[in-house]
Amino acid sequence: MKKFIFLFFFTSVLFAQQNMKPEETEVWEPEPNVVTPGILFSPPSDAIILFDGSDFSKWQHQGSKDPVQWTLNSDKSMTVKPGTGSINTIEEHGSIQLHLEWKTPNVIKGEGQGRGNSGIYFQRRYEVQVLDSYENRTYSNGQASSIYKQHIPLVNATRAPGVWQTYDIIFIEPEFDSRGEPTKPGTFTVFLNGVLVQNNVEILGTTEYIGLPKTKRDDMPKHRSLLLQDHGDLVSFRNIWIRKL
Ligand code: MG
């Protein structure tokens, strides 16, 4: 009987998901307060440098061994080349501390999710949103420093477009048993421009644009690398390093 009820529940959730729209997982209230952030900092001695502006040697295009086609800039940064696809690190990672700096385009174009959109996917599964959220309203669980469609940031600590911003993120990876069933949820702690915006929040599963997070390991991307998203906008990145935890 129990099994039957579970099966019924599972199939009805699946069926309901197939008919879901993106808007059904958008949360607009509450809107995080605006906070003005402070200053930046540089890498510690035990950091693994993933990008220092000299080359893309630690990176490749998503799901391939192709060399990165994004733009390498003379100011030691990189910029998304729209349409070439997302890039991920060659190496996989477990629990890490990540530092990364990002900048949305000076020239404001589009609105909501269409303005300076990119993202950092941990293990290619869980996204911390990158977006121009400076005086640019969108759904709260989709603005910059949200855990996309899972957790609203505590405050909106974003800087203006065209200004470098910092992420310092502690990612603790989720745990699974030998069959790939989740046994312990992972967590995110996120500082945006030195301001705590996500305080040890539980990862609900994979980041999904439509529908609910996936929680079973076999339903998730296999190569657990760090990914930067090509969302069609000219977002730039620099000074990317991690520390293994
Ligand atoms: Mg994104």
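Since we're looking at a predicted model, the values are computed, not measured. Atoms within a ligand are numbered from 1 in the order they appear, just like the ligands themselves. Just so it is clear, the values below take in all heavy atoms, side chains as well, and ignore hydrogens, waters and symmetry mates. For reference, positions follow the sequence shown, starting with 1.
The aromatic rings of Y126 and F188 lie perpendicular to each other, with more than 60° between the two planes, well past the 30° mark.
Summarising the local packing, CD of E91 is surrounded by 12 or fewer heavy atoms from other residues, nucleotides or ligands at distances under 6.0 Å.
For a distance bound of 2.8 Å, the N, O or S atoms of Q113 include none lying that close to the Mg ion (ligand 1). Among the atoms of Q129, an N, O or S atom is found under 2.8 Å from the Mg ion (ligand 1).
Rounded to 10 degrees, the OE1-metal-OD1 angle spanning Q229 and N117 at the Mg ion (ligand 1) equals 100°.
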Mind running side chain to side chain donor-acceptor pair (under 3.5 Å) on Q129 and S146 for me, showing each step along the way? CA-CA 6 Å; Q129 175 71 307; S146 64; 5.5 Å; no
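For E127, the N, O or S atom with the smallest separation from the Mg ion (ligand 1) is OE2.
Checking side-chain atoms of Q165 against main-chain N and O of R159 turns up a donor-acceptor pair under 3.5 Å.
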